[in-house]
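These notes concern the structure reproduced below.
Just so it is clear, the structure is predicted and the values come from calculations on it, not from any experiment.
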Amino acid sequence: MAGLHKSEFTNPVINWVDSRLPIFTMMQKEYGVFPTPKNFNYFWNFGALAMVNLMIMIVTGIFLAMNYTPHVSMAFDSVERIMRDVNFGWLLRYVHANGASMFFIVTYIHIFRGLYYGSYKAPRELLWIIGVVILLLMMATAFMGYVLPWGQMSYWGATVITNLFSAIPLVGDSIVTWLWGGFSVDNPTLNRFFSLHYLLPFVLVGVVFLHVAALHVTGSNNPLGIEVKGPQDTLPFHPYYTVKDSVGMCVYLLVFAVLVFFAPDFFSAPDNYIPANPLVTPAEIVPEWYFLPFYAILRSVPNKLGGVVMMFGAIAVLFVLPWLDTSPVRSCKFRPIYRQFLFLLVISCIVLGMVGAHRPEGIWVVLGRVCTAYYFLHFLVILPILGKLERPLPLPESISRPVIAGGGGPLPGGAAAKPMEKV
Amino acid sequence: MADSMTATAPGSHGGAHAGQEVTKRDFLKLVAGAGAAVGVGAMAWPVIDSMNPSKDVLALSSIDVDLTPIQAGQAITAVWRGKPVFVRHRTPEEIKAAESVPLSQLIDPQADKARVKPGHDQWLVVVGICTHLGCVPIGNKPSDNRGEFGGWFCPCHGSQYDTSGRVRHGPAPANLAVPPYAFETDTKIKIG
Amino acid sequence: MRLFPLAAIAALAAAVSIGPARAEEVTTAPLPHQRWTFDGPFGTYDRAAAQRGFQVYKEVCANCHSLKLGYYRDLKGIGLSDGQIAAIAASVSVPTIGEDGQPAERPGLPSDHFHSPFPNENAARAAMNGALPPDLSLIEKAREGGADYIYALLNGYSEPPAGMKLGDGMNYNKYFPGNQIAMVQPLQNGQVTYADGTPATQEQMARDVATFLTYMASPEMEDRKRIGVKIVLFLVFMTGITYAVKRKVWADVHH
């Protein structure tokens with residue numbers, strides 16, 4: 001019959017569906033036989049883990065929403081009712097709350113992977129940009145979710161973060177009033193945050209789909225950062241990477257389970273078990289750990305608008321990263337100098353995280369400013385210049401090349417004879 | 001799998017090794033697959049169970065009803081587990097009418113004696129939900145339309161119940177349910 | 001992997017600079033860590049201690065502090081029987097609306113929340129010289145240090161150090177942030193008479209009530225840990241199996 005897709009599945013039911021809607025062919029193509037570089041290390045697990053994490057968040061979130069009441073006088077108690085009375089409610093809530101932290105751990109590692117192996121470079125610029133959009137959506141979703149239990153940290157976190165927009169000249173205060181739906185964070189704010197917190201994850205699913213679609217056009221980067229030269233360099237996604245991702249997923253679930261069952265409040269602030277009080281700000285107000293570096297950047301600038309601009313700039317700079325890095329070589333394996341600077345960036349981010357957790361006084365102010373300066377210096381100055389100056393180590397000819405030359409003599413290009421990372 | 005092992009001739013070490021390798025791998029995959037299935041099942045259960053009645057809902061499982069204000073011929077509606085419960089003070093005529101109906105005439109045969117507590121014939125306690133599709137029948141006030149049989153009349157689809165809460169005219173398939181209850185004193189019952 | 005001199009220097013610099021403790025924290029004494037039966041992955045609540053703690057709560061704390069997220073039925077988790085719980089609940093009266101539509105009272109039921117000493121925050125402040133006794137339902141989770149904090153605070157009263165001037169109606173407590181607390185020392189030796197004959201020392205009562213309040217904050221803890229142990233063991237097993245499958249699948253890939 002004309003118009004029907006020629007399905008190769010032998011099962012008659014699958015064949016019937018597939019002829020009319022080739023989803024099985026698509027799955028087979030994208031996740032079955034999809035040619036994947038054979039030299040991935042375990043860093044390449046984290047994209048799949050993030051996707052699993054998103055699913056866990058959506059499922060637990062849907063069931064939590066069935067028992068949550070978005071009203072300032074009932075929200076806190078409704079969360080406690082989930083903890084105490086709803087069957088396995090404590091499990092749903094602890095998985096969801098710790099799931100947010102796990103999501104950011106996984107995503108930050110995923111981003112580090114991208115930075116280390118140059119996954120953002122041509123032709124994967126759009127793939128990277130979509131990834132930054134995902135990060136932004138995650139942050140917005142996490143922030144609004146943290147407001148929902150309506151504890152002290154929820155309330156004051158919402159107040160401080162929404163007040164960031166008041167730094168905008170002329171219209172700032174109007175925007176904040178609009179965000180609040182009133183003259184302080186109150187019931188209208190809680191209701192709209194709940195609505196958006198429910199909506200954004202589904203937007204995230206859509207953007208993640210685009211992220212994966214873009215990935216499957218260019219194909220994955222790999223630890224060597226060189227293009228796939230032919231079938232000898234790849235393996236079918238299934239079973240090689242399905243099973244490898246499964247190993248990573250077990251370890252991930254293990255860490256997740258230890259958190260949820262034995263240290264469920266490890267990442268949370270005790271103050272959020274105190275109901276919101278609009279008249280009393282807690283003595284130590286800190287955002288969730290995954291926002292701390294950004295919070296530190298905000299506080300490092302002694303000017304309201306300047307701080308806000310720098311904080312948003314810290315993410316904005318990631319959008320143009322593919323064009324800031326002028327080096328033609330992707331992987332840090334072959335960029336020994338850049339690798340040093342990248343580790344410096346990681347340390348800066350960690351120190352910024354610690355700065356964000358402390359009151360801005362004494363040494364913390366200095367550290368915050370130094371690390372903020374380095375963060376921007378790294379992206380805006382070091383990357384463009386270093387790309388031109390650095391002499392990268394010689395690249396291997398292909399992914400499978402060092403393997404073929406395996407136990408034999410020296411490879412062409414000497415320095416590249418380093419054994420491949422074990423997969 | 002068993003074939004691939006036994007078919008390998010003794011002595012050909014390489015072959016036997018390969019056969020065992022395949023078997024071992026398949027076995028491992030089987031265990032991993034079964035484990036994953038168990039894991040997914042175990043993850044699904046808490047999510048499903050969270051939709052069952054929660055502890056605070058289950059804890060409200062009993063209520064006390066004071067019978068003194070209910071006049072003969074009248075009924076009140078109490079709320080038990082979010083459902084209406086009719087508590088009706090029956091007149092002697094109504095009791096007689098309920099007791100004298102031959103069971104053969106009933107859609108859902110049940111004696112009146114089985115629907116009230118011994119010694120408390122005048123008190124009928126039923127869940128006020130039509131067994132057809134869940135509407136609340138009318139008939140608690142003597143002035144209400146109680147249907148042909150003097151009990152309750154369901155406004156949704158015309159089911160009629162008698163003075164024992166038994167269905168006498170379709171489409172409802174069963175009698176109004178009698179909830180678990182007990183007399184704490186002659187004038188007080190505990191439902192649930 | 002080679003060393004990263006730049007990174008190492010930066011890390012060292014960061015570590016050195018973070019070293020000194022913060023100056024303003026010296027007034028509040030560090031919490032001594034106690035051993036609790038509910039510590040660790042296999043920890044459970046000491047039922048006897050929690051029941052004694054409930055007695056302390058009921059006879060001492062409840063005069064000022066609410067426990068409004070708790071239900072009387074929650075006492076089942078510390079080993080009280082249905083009959084005991086019904087009797088405890090029935091001993092308080094709960095506001096309701098009478099048949100005549102007027103405010104009335106009825107005996108409490110196991111399904112009722114714990115009775116609060118004050119009808120609202122204003123009433124509490126009015127009776128308490130302006131201070132608000134916090135609700136204790138989540139106090140263990142809402143304070144840094146949890147049960148250790150409760151225990152330390154209840155034992156932390158003493159005369160103020162020489163030269164320290166206390167505010168009006170304030171008391172010195174070395175574990176309270178700022179060292180000035182509105183609550184007078186609530187527990188004295190022999191304040192309650194334990195039914196099980198345990199000597200009611202201040203230290204013992206503090207320990208018992210900390211156990212009870214920890215239970216009230218996390219009544220799910222025993223279930224959580226019991227399930228958690230099984231799940232962790234299962235995941236360890238699955239990690240092993242999956243890794244073995246991965247090794248087999250990848251065995252024929254040359255690298």
Part of A:Val59 within contact of chain B (heavy atom distance under 4.5 Å):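 When you check distances to chain B, only side chain atoms of A:Val59 fall under 4.5 Å.
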
For chain B, which residues from residues 83-96 of chain A lie under 4.5 Å away (heavy-atom distances)?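 So far as heavy atoms go, A:Arg84, A:Asp85, A:Val86, A:Asn87, A:Phe88, A:Leu91, A:Leu92 are the residues that approach chain B to under 4.5 Å.
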
How about [atom1] on [X], more than 12 heavy atoms from neighbouring residues, nucleotides or ligands closer than 6.0 Å, or not?
| X | atom1 | answer |
| --- | --- | --- |
| B:Asp144 | CG | yes |
| A:His216 | NE2 | yes |
| B:Lys190 | NZ | yes |

Any residues in residues 38-52 of chain B near chain A, with a heavy-atom distance under 4.5 Å, and which are they? B:Trp45, B:Pro46, B:Val47, B:Asp49, B:Ser50, B:Met51, B:Asn52

